[in-house]
Amino acid sequence: MEDIALNKQASTIIDIALENAHNYLLDLNELQTESCSYEMKNIEWTTCKDFTIELGQKQIEEYISTWECHRSWLHCIDFLQEKELEFSRQYHYRVRWSIPTRRKPIPRATASVYFIIEISKVKPPSFPVEVYYLVESNQLIHRPGQTSFREKWLKDIIQSKILLQESVNF
């Protein structure tokens, strides 16, 4: 009996994940068709020689302020780690999003966007840093100025987490 219930929960979770992945791909396809007439927003990123962890955090804040999100979304930015690679140094940040309300000031779920700022060891120090980001639960790499952020991505992640929480009984 427990196996049947467990299989049903697993099936529900898989269905939700597949539906969200499908919607995500549809959004990207729609975005590509819109991109011909829509200007991608970006900022002027700092040079490799001037980069600091704090400046990276400020520039991420500046960049996400160009995103078109409802004002009820709140976020915080955390520096996660520095990674030394053969030809570059990477700085990893997490931007955690939620919609707290008066009734529920502690949100049931959050959605994260992970930024990586890469400092090249081989390019001239006067070149700008490389920046890319990934939305939680997706492996597609987005680059500022090449992809328009979609608020729906955050909503889908939070909705998936809430549905998962509701399907699991402790």
**Asked** So with a 6.0 Å cut-off around NZ of Lys58, is the heavy-atom count from everything else above 12?
**Response** no
**Option from Tyr132, Tyr133, Phe79 for which ring pair (Phe, Tyr, Trp, His ring centres under 6.0 Å) with Phe115 holds** = Tyr133
**Prompt:** Taking atom OG1 of Thr12 and atom CG of Leu163, what is their separation to the nearest 0.5 Å?
**Reply:** 9.5 Å
**Request:** Please work out which of the three classes, parallel, tilted or perpendicular, describes the rings of Tyr24 and His142, given edges at 30° and 60°.
**Result:** perpendicular
**Item:** Donor-acceptor under 3.5 Å (Ser167 side chain, Leu164 main chain)
**Value:** yes
**Request:** Evaluate the side-chain contact (heavy atoms from CB on, under 4.5 Å) criterion for residues Trp97 and Val95: first the C-alpha distance (whole Å), next the side-chain angles of each, then the deciding distance (0.1 Å), finally the verdict.
**Result:** CA-CA 6 Å; Trp97 294 85; Val95 183; 3.3 Å; yes
**Request:** Determine whether Ile16 and Val135 fall in the same hydrophobic cluster, where Ile, Leu, Val, Met, Phe, Trp and Tyr are linked whenever their side-chain heavy atoms lie under 4.5 Å apart.
**Result:** no
**Prompt:** Do the side chain of Asp156 and the main chain of Asn20 share a donor and acceptor less than 3.5 angstrom apart?
**Reply:** no
**Prompt:** Can you find a heavy atom in the side chain of Thr47 that is under 4.5 Å from one in the side chain of Pro128?
**Reply:** no
**Item:** Aromatic plane relationship, Trp67 with Phe149 - under 30° parallel, 30 to 60° tilted, over 60° perpendicular
**Value:** parallel
**side-chain contact (heavy atoms from CB on, under 4.5 Å) assessment of Arg150 paired with Glu68** = CA-CA 8 Å; Arg150 307 292 269 208; Glu68 294 178 14; over 6 Å; no
**Request:** Output all residues satisfying side-chain contact (heavy atoms from CB on, under 4.5 Å) with Glu84, sequence neighbours left out; order by chain, then residue number.
**Result:** Glu82, Arg89, Lys121
**Prompt:** Are the side chain of Gln59 and the backbone of Phe51 linked by a donor-acceptor contact shorter than 3.5 Å?
**Reply:** no
